[in-house]
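Take a look at the structure below.
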There are 2 protein chains.
Amino acid sequence: MDATVTLKDVAARAGVSVGTASRVLSGHSATSPAARERVRAAATELGYRMNARAQALRSARSHAVGLLVSDVRNPFFADIAHGAEQTALASSYVTLLANANEDTAQQDTYLDVFLTQRVDGIIIAPQGEGRGDLRALEQARVPLVFVDRTVDGFDVPSVTADNAQGVELAVAHLAEQGHTRIGYIGGPPSVSTGRARLSAFLESIARHELDDDPALITAGDFRRASGGTAAAKLLANHRPPTALLAADSLMAVGAVAEVRRRGLRIGEDLALVAFDDIEWFGELDPPLTVVAHDARALGATAMRLLLDVINGGTAESVVLPMRLIPRRSSSARPTHTAAVHPSV
Amino acid sequence: MDATVTLKDVAARAGVSVGTASRVLSGHSATSPAARERVRAAATELGYRMNARAQALRSARSHAVGLLVSDVRNPFFADIAHGAEQTALASSYVTLLANANEDTAQQDTYLDVFLTQRVDGIIIAPQGEGRGDLRALEQARVPLVFVDRTVDGFDVPSVTADNAQGVELAVAHLAEQGHTRIGYIGGPPSVSTGRARLSAFLESIARHELDDDPALITAGDFRRASGGTAAAKLLANHRPPTALLAADSLMAVGAVAEVRRRGLRIGEDLALVAFDDIEWFGELDPPLTVVAHDARALGATAMRLLLDVINGGTAESVVLPMRLIPRRSSSARPTHTAAVHPSV
DNA sequence: CTGTTAGCGCTTTCAA
DNA sequence: TTGAAAGCGCTAACAG
């Protein structure tokens, strides 16, 4: 019952050597049924619990993986974490969850922690240019997988969403309803998803022959406040957009608040589509149309890749599809809008 | 640059013994300036990174703590986790974050993992009756702190919110506006906060001499769907409540959806107050009045207590105050309501 | 102030 | 199939 029961105690109680006890408990080598039974019994009676640290030290396998997300409080990353964690647990791996807080310095701090803790592998939603400790990881040859985001110049397996497809779905949806001036609220260029979605947007706009007025393009930082600022800027235009596309859920929330503050009704005066589906987006009034990826699947898949790499396999990058979930926020028609704020 | 640089390598390069190298790098004992400089130099040149597992094995101190929350995807717990994690990091402790998923079996699984990993201490938002591995923890004498919730019969320091005060604030607020029939959407009796809030509600109702009709009391499970079910039940009453009090944010969201589904307008036909402030509650339409606790402070305080206990101190339980944040959802007056659905 | 020497709890040869 | 023994990388006496 005491927590400090050691393998030696178990061996003594079972009347075998520590070697045998180890072999029985790890089940790797052959052991006699008699020994097996007595060791097992002794272990239970004593309430033996293996010391994972000693085992890791000796066997150079910690059975722990690090997961570094950009922001735990962002529901999208919480879902990724959940998916990854459950997958790891199923293979009896422990997940060390860390939060970079959208801050490159903290990202480096935690990568350092991971390395010091000698985790068996790392999953990261990276940010920045990939200087600093990200390079150290590569040199340390720790199994690494990128999730949601990537960093140029790193040959690392990744699990990402099909951003181009997602943007195209959104733009096509809006174009179908007659919108030609779509205001874009993008992410920071320092993050791969920010870049990918922007260039996809430009392509989609061209493909559908919509207005490519540069004044319709803004960029935020994937936080709520920046969505408000961007929306304000877009709506202040002398020819404001009739629809908004936000590259991230939190910025979409900020934009919704700003639009409302200006007395405009989303879904009626202005159409809005957001990236990332969040459980409660359907509860907003009006419910938000989104381009959704399955965050949990992103996390689970990333963990699966990582475990593959850890076990000596090779992992191929995976791109998961996105899908459009049309809800009321995008039901506004451009004509409608024009009538409401003719030239604001 | 290689990840497998060992202390021995550093010592060799610096021309000192491993003992001295260890002393310099851990900074615990006195060392000569000369040795210090050369060891430090050697460590940097070699890219030495301490092996935390070996250190933990030898010194019986892992510098890792376990944090077990009931549901990572609940923003409330995400905030707690964030607060705890940042506090731990400041004292250079690593946080192992685990997710019980509101499931007692998974709670036990992770407690087991924590014990096996030999963490220095554990923070948990517990559930259930405290059988199973929770008892094992006590016997293992691992420093333990409860956060948000407690379990009867455990003499463990805790950081909780002042539930009684919170409920009283909410009830007083609604009573002030003339409401006498408040429908209560409570949590599960298996969780301490569920029990505490319910009994506080009954007391507040009595204190303000409001209607104590038992049909006004319902219970959910702290998940969204149950809030909808509970609201449906309350509104189906032949004398429906004119105000709703939800003991948890997710259930509140469910209730909002259900109320809206029935064609009633929150803030006009029906007042609503919810527990737990969530960043986006202000963005719902109408914005939700809440009884808020500072989740981040809960987490940070819990971690502070835990670190105290780990360092041999004694920790006193802390009860943090709640505060009412009045917003539009609670502006409905009872007369108003009666007019809208006279006897539904 | 520093080198030497035992281990921490476990796995893994190597013989028997 | 098993015991004995040698470490994994580090810290903590103990002498000097």
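Quick note on labels: first sequence line is chain A, next is B, and so on, each numbered from 1.
Mapping A:G15 and B:Q55 onto DNA chain D by nearest heavy atom places A:G15 at the nucleotide closer to the 5' end.
Rounded to whole angstrom, the span from the CG atom of B:L7 across to the C1' atom of D:dG7 amounts to 16 Å. For A:L57 and D:dC8, the CG to C1' distance is 4 Å, given to the nearest whole Å. In this structure, the NE2 atom of B:H63 is 11 Å from the P atom of D:dT11, given to the nearest Å. We find that CG of B:N51 is positioned 6 Å from C1' of D:dG9, with the value rounded to whole Å.
For B:R13 (side chain) and B:L46 (main-chain N/O), no donor-acceptor pair under 3.5 Å exists by modelled atom type. Judged by distance alone, the side chain of A:D120 and the main-chain N or O of A:S62 form a donor-acceptor pair under 3.5 Å. Under a 3.5 Å cut-off, the side chain of B:R149 and the backbone N or O of B:F146 do not form any donor-acceptor pair. Side-chain N or O atoms of A:D294 include one that pairs as donor or acceptor with a backbone N or O of A:R296 at under 3.5 Å. Put simply, the side chain of B:D112 never gets that close to the backbone of B:D108: no donor and acceptor are under 3.5 Å apart. Although no hydrogens or angles enter the test, the distance criterion places no donor-acceptor pair under 3.5 Å between the side chain of A:Q127 and the main chain of A:S190. The backbone N or O of A:G313 lies less than 3.5 Å from no partner atom in the side chain of A:N311, so there is not a single donor-acceptor pair.
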Please list every donor-acceptor pair under 3.5 Å in which a side-chain atom of residues 20-29 of chain A meets a protein atom from a residue at least two apart or in another chain.
from	atom 1	to	atom 2	distance (Å)
A:T20	OG1	A:S17	OG	3.3
A:S26	OG	A:S22	O	2.9

Identify all side-chain donor-acceptor contacts of residues 79-88 of chain B below 3.5 Å with residues at least two apart in sequence or on another chain.
from	atom 1	to	atom 2	distance (Å)
B:H82	NE2	A:N101	ND2	3.0
B:E85	OE2	A:N99	N	3.0
B:E85	OE2	A:Y110	OH	3.3
B:T87	OG1	B:G83	O	2.8

Would you give me the side-chain donor-acceptor pairs under 3.5 Å for residues 33-43 of chain A, sequence neighbours excluded?
from	atom 1	to	atom 2	distance (Å)
A:R36	NE	A:T31	OG1	3.2
A:R36	NH2	A:T31	O	2.6
A:R38	NE	A:A14	O	3.4
A:R38	NH2	A:A14	O	2.5

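The base of D:dG9 is not paired with the side chain of B:R53 by any donor and acceptor separated by under 3.5 Å.
A:V309 is not listed as a side-chain neighbour of A:T314, based on a closest heavy-atom distance of 4.5 Å or more.
Using a 4.0 Å heavy-atom distance criterion, B:A60 is classed as making no nucleic acid contact. Here A:A35 lies in heavy-atom contact (under 4.0 Å) with sugar-phosphate atoms only.
Contacts between chain B and DNA chain C, taken as any atom within less than 4.0 angstrom of a protein heavy atom, begin and end at C:dC1 to C:dG9.
When the C1' atoms of four end pairs are superposed on the next four at each end of the helix from C:dC1-D:dG16 to C:dA16-D:dT1, using five pairs per end, the two resulting axes differ in direction by 40°, to 10°.
Contact check of residues 17-30 of chain B against DNA chain D (heavy atom, cut-off under 4.0 Å) returns B:G19, B:S22, B:R23.
The shortest distance between the side-chain N/O atoms of B:T6 and the OP1/OP2 oxygens of D:dC8 is not below 4.0 Å.
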